[in-house]
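Numbering of ligands and ligand atoms starts at 1, following listing order. Note: hydrogens, waters and symmetry copies are ignored here, and every other heavy atom, side chains too, is used.
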Amino acid sequence: MAAQEKKQATTTDRQATLTIDGKTVNFPIFDGVEGASVFDISKLYAETGHFTFDSGFMSTASCESKITYIDGDAGILRYRGYDIDQLADNSDYLEVSHLLLNGELPNAKQKTEFVRRINNHTMVHEQLHFLFRGFPRASHPMAVMAGAAASLAAFYHDSLDVNDAEQRELSAFRLIAKMPTLAAMAFKYSTGQPFIYPQNEMGFAENFLNMMFSTPCEKYKVNPVLARAMDKILILHADHEQNASTSTVRMAGSSGANPFACMSAGIASLWGPAHGGANEAVINMLREIGDVSKIPEFITKVKDKNSNVRLMGFGHRVYKNYDPRAKVLRSTLEEVLGELGQINEPLLKIAIELERIALSDEYFVSRKLYPNVDFYSGIIYRAMGIPSKMFTVLFAVARTAGWIAQWKEMMDDPKNKIARPRQLFTGSAARAFVPLEKR
Ligand code: ACO
């Protein structure tokens, strides 16, 4: 059977055998459609009285999923079987959201209906303006986003029943539609400008740029090259399999928590610098280098094990080959800078020289440290006039489609149970309580 025709994990004749304390136990092995096979250890504790220990999930598949496939060694990222570059070049973010949620690209009629339903939910409850006004203007927009996303549960009671498939779908539409509105509100609030309402006659990315940059006194003409670049960035970040924030969304949702609360948990996880914050760090690094002439000195520091300096935007835990998203953004970057007449921008010159060195220098080549998606996205955002503290917010807007698709997949699965990892306890053994006067 062709790989793409297989519908689910298949049992194999192979088994993994473990011998422990003289007892031999067999575990069934399952093959996925592609990628590493797994052996099912769910009965391990019952059979042997042992748990496995795998801090950071280095060798653990936490779920079965049909949504996204990554082969880091080959530099492959696919949503529902489609290569990411094909989607970025030929599709748009809402089509991709439909694909992630429903498993198929929409036909023309389905697309019209999907866009109509999204547009139906782009506005947020007017009361949310007061929630925003409670935050200090200097708040980090990710703090505002985490609060605003969770607060949606207080406004939309009619889609909180996670056991009702229609309500789950309604929440999915609400989240995809409202996240750009909330993100633009967080930005506007930080600048002291009035909120701009969504315009449903605009495309998804175009509307987002308009809510970011339009003001009541001056109409903002959205540049189609920038809108297309933004849409591509949204597609490229829409899902990435079981990363930290997605796993957080699934884990929060496994208890039956409502989807708005789960998205807020995902935003919190994404906020960490090891996850969503790298593109901001790229801009800081380029600024710190300051000039092409300072690059050799900086590279010497990067190679020095004692310096703790890393070349930000290079390397990836999963991609030990070129990050396929970076390939798409490399050409998008040139289009955007060409359109904006920023091709001679000093930071860009530094970025291009760093890229050249990293792709030819033995240190980087031997460690397979290629530019990742964050290397280019930060530079594109900066050229568009988006401040660096909004970069992770944009990641959250894009990832909403993936988070909600993964949450929905888990909730649709009748085998879903609350996620409850175990531990290797290394604290104090049992001891007698000591009264205060004797401590
Ligand atoms: N600059 C310099 N050296 C590096 C870098 C880097 N960016 N990344 C890894 N290395 C070196 C390490 O020092 C190590 O060298 P050694 O073998 O001599 O000790 C080797 O490459 C392997 O590094 P690890 O840390 O084991 O690689 P890991 O897969 O755990 O790390 C990570 C991946 C965290 C992304 C890392 O490459 C890094 O810190 N990159 C910079 C930050 C960044 O761009 N993050 C964004 C990731 S993309 C995303 O999240 C969307």
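Considering each of Lys320, His240, His316, the one bringing a non-hydrogen atom nearest atom 27 (O) of ligand 1 is Lys320. In this structure, of Tyr363, Phe314, Phe364, the residue bringing a heavy atom nearest to atom 3 (N) of ligand 1 is Tyr363. Considering only non-hydrogen atoms, atom 36 (C) of ligand 1 lies nearest to Arg310 out of Lys301, Arg310, Met285, Lys303.
Atoms of ligand 1 found under 4.0 Å from any heavy atom of Arg317, numbered from 1 in the order shown, are 28 (P), 29 (O), 30 (O), 33 (C). Near Gly315, the atoms of ligand 1 lying under 4.0 angstrom from a non-hydrogen atom of the residue are 35 (C), 37 (O). Every atom of ligand 1 is numbered from 1 in the order shown, and the set under 4.0 Å from a heavy atom of Val302 is 1 (N), 2 (C). Taking a cut-off of under 4.0 Å to the non-hydrogen atoms of His275, the atoms of ligand 1 that pass are 50 (O). Close approach of ligand 1 to Gly313 is summarised as follows: ligand atoms under 4.0 Å from at least one heavy atom of the residue are 43 (C), 44 (O).
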Practice problem: Report the C-alpha distance between Phe375 and Phe314 in whole Å, list the side-chain angles of each, state the deciding distance to 0.1 Å, and finish with yes or no for ring pair (Phe, Tyr, Trp, His ring centres under 6.0 Å). | Solution: CA-CA 7 Å; Phe375 185 64; Phe314 286 77; 4.7 Å; yes
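Nearest protein heavy-atom contact of atom 21 (O) of ligand 1 is Arg367 CD, 3.4 Å. What sits closest to atom 42 (C) of ligand 1 on the protein, heavy atoms only, is Met312 CE, 3.4 Å. The nearest protein atom to atom 45 (N) of ligand 1, hydrogens excluded, is given as Ala278 CB, 3.5 Å; this is a heavy-atom distance. With respect to atom 49 (C) of ligand 1, the closest heavy atom belonging to the protein is Asp374 OD2, 3.3 Å. Closest to atom 47 (C) of ligand 1 among all protein heavy atoms lies Asn372 ND2, 3.6 Å.
Judged by the shortest distance from any of its heavy atoms, Lys305 lies inside the 4.0 Å radius around the atoms of ligand 1.
Residue contacts with ligand 1, taken as heavy atom pairs separated by less than 4.0 Å, involve Leu369 solely via side-chain atoms from C-beta onward. The parts of Leu311 lying near ligand 1 are both backbone and side chain, judged by heavy-atom distances below 4.0 Å.
By the 3.5 Å distance cut-off applied to N or O atoms, Arg325 is not counted among the residues near ligand 1.
Atom NZ of Lys303 has more than 12 heavy atoms from other residues, nucleotides or ligands within 6.0 Å. Few gaps surround CD on Gln193; more than 12 heavy atoms of other groups in view lie less than 6.0 Å from it. Open room surrounds CG on Asn308; 12 or fewer heavy atoms of other groups in view lie less than 6.0 Å from it.
A tilted orientation is assigned to the rings of Phe213 and Tyr220, their planes being inclined by 30° to 60°. Ring planes of Tyr319 and His240: tilted class, angle from 30 to 60°. Note: Phe155 and His125 have tilted aromatic rings, judged against thresholds of 30 and 60 degrees for the angle between ring planes.
Within the 4.5 Å cutoff, the side chain of Arg382 has no heavy atoms near those of the Ser388 side chain.
Taking the six-membered ring wherever Trp is involved, the centroid distance between the rings of His129 and Phe195 falls below 6.0 Å. Taking the six-membered ring for Trp and the full ring otherwise, the centers of Phe39 and Phe30 sit at least 6.0 Å from each other.
With Met145 as the fixed residue, the side chain to side chain contact (heavy atoms under 4.5 Å, CB included) test singles out one of Thr392, Leu270, Val393: Val393.
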